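Atoms within a ligand are numbered from 1 in the order they appear, just like the ligands themselves. This one's a predicted model, so the numbers in the text were calculated from it and none came from an experiment.
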Amino acid sequence: MSYGFETLAIHAGQEPDERTGAVIPPIFQTSTYKQDAVGSPRLGYEYSRSGNPTRDSLQECLAALEGGSRGLTFASGLAAEDTLIRTVCKPGDHVIIPDDAYGGTFRLFAKVAERWGLTWSAARISDVDDVRAKITPNTKMIWVETPTNPLLGIADIAGLAAVSRDAHALLVVDNTFASPYLQQPLALGADVVVHSTTKYIGGHSDVVGGALVLNDLALADSLQFHQNAMGAVNGPFDAWLTLRGVKTLAVRMERHCDNAEKVAEFLARHSKVKQVIYPGLPEHPGHELATKQMRRYGGMISFRMGDPAAAERVCNTTKVFTLAESLGGIESLIEHPGKMTHASVAGSELEVPADLIRLSVGIETIDDLLADLATALG
Ligand SMILES: *Cc1c(COP(=O)(O)O)cnc(C)c1O
């Protein structure tokens, strides 16, 4: 039987506890497990780096939500990325990354993986031809974010899947901004989905984590080997908190989208705002594509003030929108990417405009959000 998304979020991997009937699966806060005899771990559990029932619940739930066969979770989004990169790539391999990649992803490739012999090129990921032009005989992965962070560019996942198949490269989609509720990259031809579960999946700004979801069982086995061998796993309590959050993903995303659409319209009409970047606006260059491959347009909005000082002033003035990095939680956040989340790309070809503001629109009362922005802009 195939269940709907909301049902899977609440039940996949989360059967009531067999022994006690506890409706919510317990937090298996243990590092090790009693074995029935030498070499006979019960249900295969022997040590919590290798396997933990609470982590398994989360892994199974995320796999179901992305429509994949296997899920693996990690201590952070970057730990998931690092495990994927070191499982798939070897020295001399080449990777294509978005020219406005998440700052931490860029840093991982440019400042860490490069030292171990990996090469990379940045491409305009919303332009399939530009990505194709950057392919070399050594290209192992095409790394995509859509919508991108912070410029909210939209990449054609199905189009890039065709390009990556021709190149015998893996198409990796960082689905953090959309969440599996709004977009399912595996169904569009992606090979691996990456998440920072810290963001919409956890959804409450109280836990850091990451995940990989895929269909290829051989690659999944290899990733599981590296998950254990490299050890960047999430703990049982973090896995449980993330499961606690993901149950409401669908209702949260609907409200994030409702509020973001209204904030985008408000900003687009405001005389002090130079440009609003939101895939839900018809003038956004990726609007049509986003309409095709996403259920709605998400909770992230970027806008430009035309003047860096004005942008910093707005960030320093809002009250309901909290000045903070990160995104995807129930509370609204505001930030200045150039000096905050994306400071690590300053001076590179990924540098972001200095007058740019990024909003993570939360699920508070919409009138309070609009009034807060009106005051800060006025
Ligand atoms: C936050 C984020 C990451 C990194 O995840 P962490 O959990 O912070 O390690 C990767 N990609 C995107 C798009 C992000 O927003």
Ring pair (Phe, Tyr, Trp, His ring centres under 6.0 Å) between Tyr47 and Tyr33: does it pass, once the steps are laid out? CA-CA 6 Å; Tyr47 184 61; Tyr33 307 82; 8.5 Å; no
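- Contacts with ligand 1 closer than 4.0 Å are made by side-chain heavy atoms of Asp174 only, the backbone lying farther away.
- Using a 4.5 Å heavy-atom threshold, the side chains of Gln227 and Gln59 count as touching.
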Going through the distances and angles, do Asp258 and Arg296 end up as a salt bridge (charged side-chain N to carboxylate O under 4.0 Å, His left out)? CA-CA 9 Å; Asp258 288 346; Arg296 292 183 72 180; 2.8 Å; yes
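- Every heavy atom of Thr341 sits 4.0 Å or more from the atoms of ligand 1.
- Under the 4.0 angstrom criterion for non-hydrogen atoms, Glu81 is in contact with ligand 1.
- The shortest N/O to N/O separation between Ser196 and ligand 1 falls below 3.5 Å.
- The cationic group of Lys199 lies under 6.0 Å from the six-membered ring centre of Tyr102 and within 45° of the ring axis, placing it in a cation-pi geometry.
- Using a cutoff of 4.0 Å between basic side-chain nitrogens and carboxylate oxygens, Arg42 and Asp36 are scored as salt-bridged.
- Listed by atom number, the atoms of ligand 1 under 4.0 Å from Thr198 heavy atoms are 7 (O).
- Inter-residue side-chain proximity for Val128 and Val163 is flagged as met; some heavy-atom pair is nearer than 4.5 Å.
- Not a single heavy atom of Ala79 sits less than 4.0 Å from an atom of ligand 1.
- Here's the thing with Lys199: one of its N/O atoms is less than 3.5 angstrom from an N/O atom of ligand 1.
- With a 4.0 Å heavy-atom cut-off, ligand 1 is reached by no atom of Thr197.
- Classification of Arg132 and Asp166 as a salt-bridged pair fails, no side-chain N sitting under 4.0 Å from a carboxylate O.
- Taking every non-hydrogen atom of Leu327 and a distance limit under 4.0 Å, the qualifying atoms of ligand 1 come out as 15 (O).
- Atom numbering of ligand 1 starts at 1 in the shown order; those under 4.0 Å from a heavy atom of Gly209 are 7 (O).
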